[in-house]
Amino acid sequence: MKTARIFQRPKNSMQSGRSRLDVWMLELEPAKAQEADPLTGWNGGGDVSNQVRITFPTAEAAIAYAEREGYAYHVVPAPERKLKLQAYADNFR
């Protein structure tokens with residue numbers, strides 16, 4: 001049975017925008033660990049299902065899809081935003 005991870009996209013730390021943060025993602029976890037290629041040394045494998053990422057508007061829609069398709073799933077809660085409130089005058093203290 002395939003396992004899926006349902007999570008909310010985190011905010012990009014390099015940008016201040018909060019676009020598409022309300023989107024939930026369903027990502028399939030790999031069935032087996034990647035193996036090192038003997039010739040090149042690169043990690044890889046034949047399982048391409050871990051490249052599948054499906055977006056949903058709500059967590060309930062993602063859970064309903066996982067149950068309909070027969071995936072075992074776990075929901076990763078969204079991280080809480082930590083605000084550092086600071087005044088401009090604090091730069092000169």
Side-chain angles (χ1 to χ4, degrees):
M1 175 180 266
K2 293 249 182 206
T3 305
R5 180 172 65 111
I6 299 172
F7 62 98
Q8 201 169 13
R9 297 178 67 174
K11 180 183 161 316
N12 186 351
S13 62
M14 300 302 291
Q15 298 177 345
S16 62
R18 299 194 37 84
S19 177
R20 298 192 311 161
L21 292 183
D22 55 345
V23 175
W24 286 82
M25 306 276 296
L26 181 136
E27 185 177 71
L28 296 176
E29 294 183 350
K32 63 178 187 172
Q34 294 183 344
E35 301 169 352
D37 184 81
L39 181 62
T40 62
W42 294 357
N43 289 337
D47 185 20
V48 295
S49 64
N50 61 347
Q51 299 175 6
V52 175
R53 291 186 178 147
I54 306 172
T55 59
F56 295 94
T58 62
E60 291 79 21
I63 291 171
Y65 176 82
E67 289 175 350
R68 185 176 67 235
E69 296 298 320
Y71 296 140
Y73 64 90
H74 61 278
V75 179
V76 178
E80 292 186 24
R81 278 184 67 194
K82 297 176 186 144
L83 295 177
K84 181 180 177 187
L85 299 177
Q86 182 175 346
Y88 180 70
D90 293 340
N91 292 333
F92 304 102
R93 290 186 186 180

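All values below were derived from every heavy atom in this structure, side-chain atoms included, with hydrogens, water molecules and symmetry-related copies excluded. Computed from a prediction, not measured in an experiment: that's the story for all the values here.
- In this structure, Ala36 and Gly41 approach most closely via the heavy-atom pair CB-O, 4.3 Å.
- A pairwise comparison of heavy atoms in Val76 and Trp24 identifies O-CZ3, 4.1 Å as the closest pair.
- Closest non-hydrogen pair, Leu26 versus Ala66, comes out as CD1-CB, 4.0 Å.
- In terms of heavy atoms, Ala4 sits closest to Tyr71 at CB-CB, 4.3 Å.
- Tyr73 and Phe7 fall into different hydrophobic clusters, where Ile, Leu, Val, Met, Phe, Trp and Tyr side chains are chained together by heavy-atom contacts under 4.5 Å.
- From Phe56, atom CZ reaches atom CE of Met25 across 10.0 Å, with rounding to the nearest 0.5 Å.
- Going from atom OG1 of Thr58 over to atom CD of Gln8 covers 10.5 Å, rounded to the nearest 0.5 Å.
- Of the residues Val52, Ile54, Asp47, the one that meets the side chain to side chain contact (heavy atoms under 4.5 Å, CB included) test with Leu28 is Val52.
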